[in-house]
Undergrad: 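First the structure, which I've put down as structure tokens, then a few questions once you've had a look.
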Amino acid sequence: MNWLPLSFGAPAVLWGLLTLPVIWWLLRLTPPKPQAEIFPPLKILARVFRKEETPHRSPWWLTLLRLLMAALVVLALAEPIFNPREKLPTGGTALALVVDNGWASAPDWKRRVATAERLIADAGAAGQPVVLALTAEKPNAEVGPFNAQAALDRLRAAEPRPVPTDRRAVFARVAGVLATLPGASLAILDDGLASEGDEQAFAALLGQNPANLLWASPERIDVAGLTAAENEMDGFALTAIRAPGDPAPGAVTAGAFDDKGRRIADATLSFAPGETVAKGTMAVPFELRNDFASIALDGQPQAGAVRVLDDSSKRRRVGLLSQVDSEESQPLLAPLYYIRRAIEPFADLIEPSTSDLAEAIPQLIEQKPAMIIMADVGTIPPAAREKLIAWLNEGGTLVRFAGSRLAAAGNDEELLPVRLRLGERSLGGALSWTSPQPVSDFPPSGPFADLSPPNEVTVSRQVLAEPTPDLAQSTWANLADGTPLVTGARRGKGTLALFHIAPQATWSNLPISGSFVEMLRRIVQLSRNQGTAAAGVEGQPASLAPYRMIAADGRLVPPTPDARPLVAGRGAVPVTLENPPGLYGTAEGVLAHNLLKADSRLEPLVRPEVSVPVTGIRYAFDESRDLKGPLVAAVLALMVLDTLAVMWMGGMFSRRGGRGARMTGTAAAVLLALGTVLMQPGLARADDSKPGDQEAVEAISKTRIAYVITGESSVDAISRAGIVGLTRFLIEKTALEPGEPAGVDLAKDELAFYPLIYWPIDPAAPMPSEAAIARLDAYMKQGGTVLFDTRDQFANGIGADSASPATERLRDILANLNVPPLEPVPPDHVLTKAFFILPEFPGRFNGSPLWVEASLEASNAEGRPVRTGDGVTPIMITANDFAGAWAIDESGEPLLPTVPSDPMQRIYALRAGVNIMMYMLTGNYKSDQVHVPVLLERLGQ
């Protein structure tokens with residue numbers, strides 16, 4: 001029943017309003033209780049002859065009050081709802097719900113979740129199973145069918161991902177499930193953007209002939225993205241894109257941030273009417289541009305609007321040097337002419353004021369260039385040579401070009417990557433038996449590995465390298481006959497390269513080709529930390545660990561557990577869940593892996609034509625409000641007023657002592673009880689109040705495992721689901737029957753009730769206060785144990801000097817605690833045999849040891865593998881994500897996959913949890929069992 005903004009779930013109850021006149025009549029005939037008064041005897045005698053008066057009806061205002069209470073009760077029982085929503089047509093045997101959770105869904109993700117929750121609620125009310133799939137998850141993710149509550153739990157645990165959607169793989173899985181559920185309804189909640197393979201994806205999904213189709217799409221695509229950020233001569237050139245279909249002009253503001261998150265520059269990019277691409281320039285000084293760490297669009301909280309920058313985006317100073325005094329007479333034959341034109345767009349060039357090498361080289365080095373290019377430079381003066389070698393060994397990049405001077409200068413092992421033969425080799429001359437040689441494919445171990453070989457380039461003259469066993473390792477480019485065209489080698493921290501041709505177009509047409517520009521650009525990129533980050537080992541591509549990731553909302557965050565190392569040097573690596581956008585490498589050098597490429601475009605998604613009924617829905621929050629609770633509260637309040645009125649009319653407030661005082665106390669007790677009922681919260685948590693004696697008895701009536709509430713909803717949800725999974729496993733495998741998990745606030749809750757507290761370390765959570773750390777320290781000293789889980793087994797593999805943010809946060813916490821010496825669990829530790837025999841303690845990940853208090857062997861005269869006392873360590877530390885492996889949903893299915901995906905790893909993780917709990921509750925009991933034979937033997941004697 002729906003009356004404009006008000007509807008009733010049980011409208012038949014409203015017929016009860018017709019009884020109000022009857023109630024009015026009964027109330028009018030029922031007078032209030034007469035007021036009793038006690039008078040002195042003389043006053044009684046004075047009034048003995050008066051006629052006794054008794055009211056024959058209730059006052060009108062009291063009657064009206066009671067009628068209002070009756071009306072409110074009837075309305076409350078009718079289940080009124082203000083601003084009711086219309087139920088969506090989810091008819092059919094089941095509901096298949098497909099939700100886009102790629103990067104474009106991040107700005108209005110909560111609105112999408114609210115819409116999906118309404119669909120699931122309607123399906124649950126109809127008793128329909130729900131198939132739930134997210135298009136930016138792994139293709140093997142479970143899609144159901146689930147019951148409505150399990151589907152809601154999975155939906156609320158989901159989050160947008162900073163990656164493109166993969167509709168083709170996900171739709172294929174949903175189509176396979178729909179094949180077993182004929183006549184199901186299909187709901188698609190898309191992000192409005194087209195992706196590769198959409199046509200095949202929709203054909204596979206809609207080919208299952210659903211009963212009807214519900215289609216939700218944004219009314220307007222407001223997302224914009226950054227596709228390019230190039231550090232050019234006069235500033236940073238930016239390119240932004242938006243979706244087509246907007247005829248009005250537009251503008252976005254971009255901000256540049258340094259590595260500490262400070263905004264240091266701005267630029268405005270304007271879209272012309274109807275255009276989808278906007279360009280702009282951040283005109284700031286060269287030194288300031290080199291401090292840029294990221295660029296983001298304002299008002300766009302999504303990963304496509306952020307572009308991280310690595311060393312390739314920073315301009316370098318490049319020094320140019322030749323022994324030619326003037327180039328004005330014949331510029332095309334000048335040694336530096338083609339070099340200057342090739343690298344000028346992406347580098348700042350510096351040149352000495354003289355061609356005298358003794359003065360020119362020190363002048364260049366004083367300006368601290370990243371790279372020096374020598375065009376046909378022969379013998380170098382000793383003093384300048386020593387400075388050049390020192391600069392090279394400290395990290396500089398030296399590029400030399402051959403020529404007549406270099407060919408005649410002889411070998412200089414410290415300033416040449418390979419040994420050279422004296423003289424030049426002529427190809428294709430009148431007295432030569434050979435023809436000019438083309439360039440062959442670039443070796444895979446060099447910096448030009450992913451460039452296409454220039455088929456139009458030929459070489460007619462070169463300087464030859466002496467054949468040596470390691471010549472192939474030093475070769476960056478070859479001619480077709482196998483002789484080197486470019487060679488390179490490391491010199492200390494620097495790089496040394498030699499082009500075996502002259503820089504003019506006299507020996508080869510390479511300097512006038514486009515490949516020459518790309519080759520020089522690659523070498524310039526090697527002139528700084530980019531070379532360290534992307535360099536491989538023994539000719540293999542580099543594997544760069546995740547360093548800083550771009551979250552779905554555009555923030556730079558620590559690496560997620562799903563992130564894997566990025567293999568550089570193999571062309572363009574797509575953005576996936578295993579390689580999300582962000583920075584890869586270490587603090588010494590990083591490689592940028594951005595979401596949008598230079599040719600990316602935001603194309604709108606077109607709804608396919610289908611023969612089934614289609615209902616369009618819009619993304620919106622549920623604004624309906626259930627009025628039953630407020631109406632019941634109003635009835636209780638009116639009951640209090642009615643009670644007070646009756647007491648007043650009965651004279652209960654007319655005396656200060658005796659019966660009046662007692663009745664006043666009774667009224668106060670009634671008010672207090674009603675107030676308690678009205679203010680009682682619906683749910684009780686561990687931190688709602690300080691536990692008294694009764695609460696303490698209830699808390700220790702069952703063993704409960706606690707977890708620290710971090711404030712991050714996703715982390716806390718996984719922690720609770722993990723403890724639930726471990727609790728079920730304990731009930732199945734042991735005699736222990738733990739109670740429900742307890743979420744604790746370290747600053748407020750009593751910790752002594754729990755034998756074990758699980759603490760997932762999250763760097764995004766606020767740092768605990770000193771008082772909370774002090775309470776935790778006291779808990780550990782009194783026999784409690786805290787299991788710290790950094791959940792960063794993969795992210796922490798970079799090395800001890802570059803620990804993950806979670807490990808850094810754990811170090812900050814432990815710095816304020818009295819932590820005993822720690823060691824990995826020894827093979828003979830009681831933890832390895834507390835219940836199951838376990839050689840290791842895996843979680844969702846496997847590889848990190850479980851750290852416990854070091855054994856005090858000096859005080860263990862019997863040789864027990866644990867310390868004396870109760871034998872329970874007060875602290876445990878792991879990075880294997882125990883809760884992620886234990887976590888289950890309402891149906892008992894695992895929430896998160898193990899890494900690697902091994903079913904036995906989850907079993908071992910649960911067994912590790914059992915051993916930890918048995919160890920918490922029994923201490924060194926298992927350790928003492930080794931002495932049982934000796935004790936029995938003594939008793940027998």
Side-chain angles (χ1 to χ4, degrees), residues 95-103 105-106 108-121 123-124 129-163 165-166 170 173-174 187 189 191 551-553 557 560-563 577 580 621-622 683 707-728 740-741 743 758 760 762 764-765 789 791 843-845 881-899 901 906 909:
L95 171 66
L97 179 60
V98 184
V99 183
D100 282 344
N101 66 324
W103 64 271
S105 64
D108 60 345
W109 174 249
K110 292 183 179 179
R111 194 182 301 271
R112 297 169 190 267
V113 170
T115 305
E117 286 178 345
R118 294 200 300 274
L119 290 170
I120 294 175
V130 179
V131 177
L132 176 62
L134 302 167
T135 59
E137 301 294 331
K138 293 182 178 180
N140 60 351
E142 184 64 33
V143 298
F146 311 105
N147 58 46
Q149 185 58 46
L152 281 175
D153 292 341
R154 286 182 173 267
L155 176 67
R156 290 165 182 167
E159 57 186 10
R161 303 284 192 174
V163 298
T165 57
D166 186 8
V170 176
R173 284 196 56 123
V174 177
L189 279 60
D191 57 14
D553 58 0
V557 297
T560 61
D562 295 331
L577 287 174
F621 291 104
D622 188 359
L683 295 174
Y707 64 92
V708 174
I709 298 176
T710 63
E712 296 292 324
S713 57
S714 59
V715 177
D716 296 339
I718 294 299
S719 297
R720 182 173 183 82
I723 304 301
V724 169
L726 178 59
T727 299
R728 292 190 183 181
E740 288 294 319
Y758 176 78
D762 192 293
D789 195 341
R791 307 170 299 135
R844 188 172 171 226
F845 313 122
D881 191 8
F882 280 163
W886 302 336
I888 59 174
D889 58 15
E890 292 293 334
S891 61
E893 295 297 324
L895 279 178
L896 301 174
T898 59
V899 180
S901 182
R906 193 182 306 279

Undergrad: Tell me, with the steps shown, if Asp762 and Arg791 meet side chain to side chain contact (heavy atoms under 4.5 Å, CB included).
TA: CA-CA 9 Å; Asp762 192 293; Arg791 307 170 299 135; 3.3 Å; yes
Undergrad: Which atoms form the tightest heavy-atom contact between Thr710 and Pro760, and what is the distance?
TA: CG2-O, 3.6 Å
Undergrad: How long is the straight-line distance from CZ of Phe146 back to CG of Leu152, given to the nearest 0.5 Å?
TA: 12.0 Å
Undergrad: Distance only, no hydrogens: is a donor on one side chain within 3.5 Å (strictly under) of an acceptor on the other, for Asp562 and Thr560?
TA: no
Undergrad: Nearest 0.5 Å, what's the CD1-CG distance between Ile888 and Asp153?
TA: 11.0 Å
Undergrad: Provide the closest heavy-atom pair for Ala106 versus Ala552 in the form atom of the first, atom of the second, distance.
TA: CB-O, 3.2 Å
Undergrad: Which heavy atom in Ala136 sits nearest to a heavy atom in Asn101, and how many Å separate them?
TA: N-OD1, 2.7 Å
Undergrad: Taking all heavy atoms of Tyr758 and all of Phe882, pick out the closest pair and write down the distance.
TA: OH-N, 3.9 Å
Undergrad: Establish, from distance only, whether the side-chain atoms of Thr135 and Asp100 form a donor-acceptor pair under 3.5 Å.
TA: yes
Undergrad: Tell me the closest heavy-atom pair linking Tyr707 and Ser719, and the distance in Å.
TA: CD1-CB, 3.8 Å
Undergrad: Under 4.0 Å between a side-chain nitrogen and a carboxylate oxygen: does that hold for Asp716 and Arg720?
TA: no
Undergrad: Return the minimal non-hydrogen interatomic distance between Arg906 and Leu896, and the atom names on each side.
TA: NH2-O, 2.8 Å
Undergrad: Does Glu890 reach the side chain of Arg154, with side-chain heavy atoms less than 4.5 Å apart?
TA: no
Undergrad: Going from CZ on Arg173 to CG on Asp166, what distance comes out if it is rounded to the nearest 0.5 angstrom?
TA: 12.0 Å
Undergrad: Please determine whether side chain to side chain contact (heavy atoms under 4.5 Å, CB included) holds for the pair Val170 and Glu137, giving the CA-CA distance in whole Å, both sets of side-chain angles, and the decisive distance to 0.1 Å.
TA: CA-CA 8 Å; Val170 176; Glu137 301 294 331; over 6 Å; no
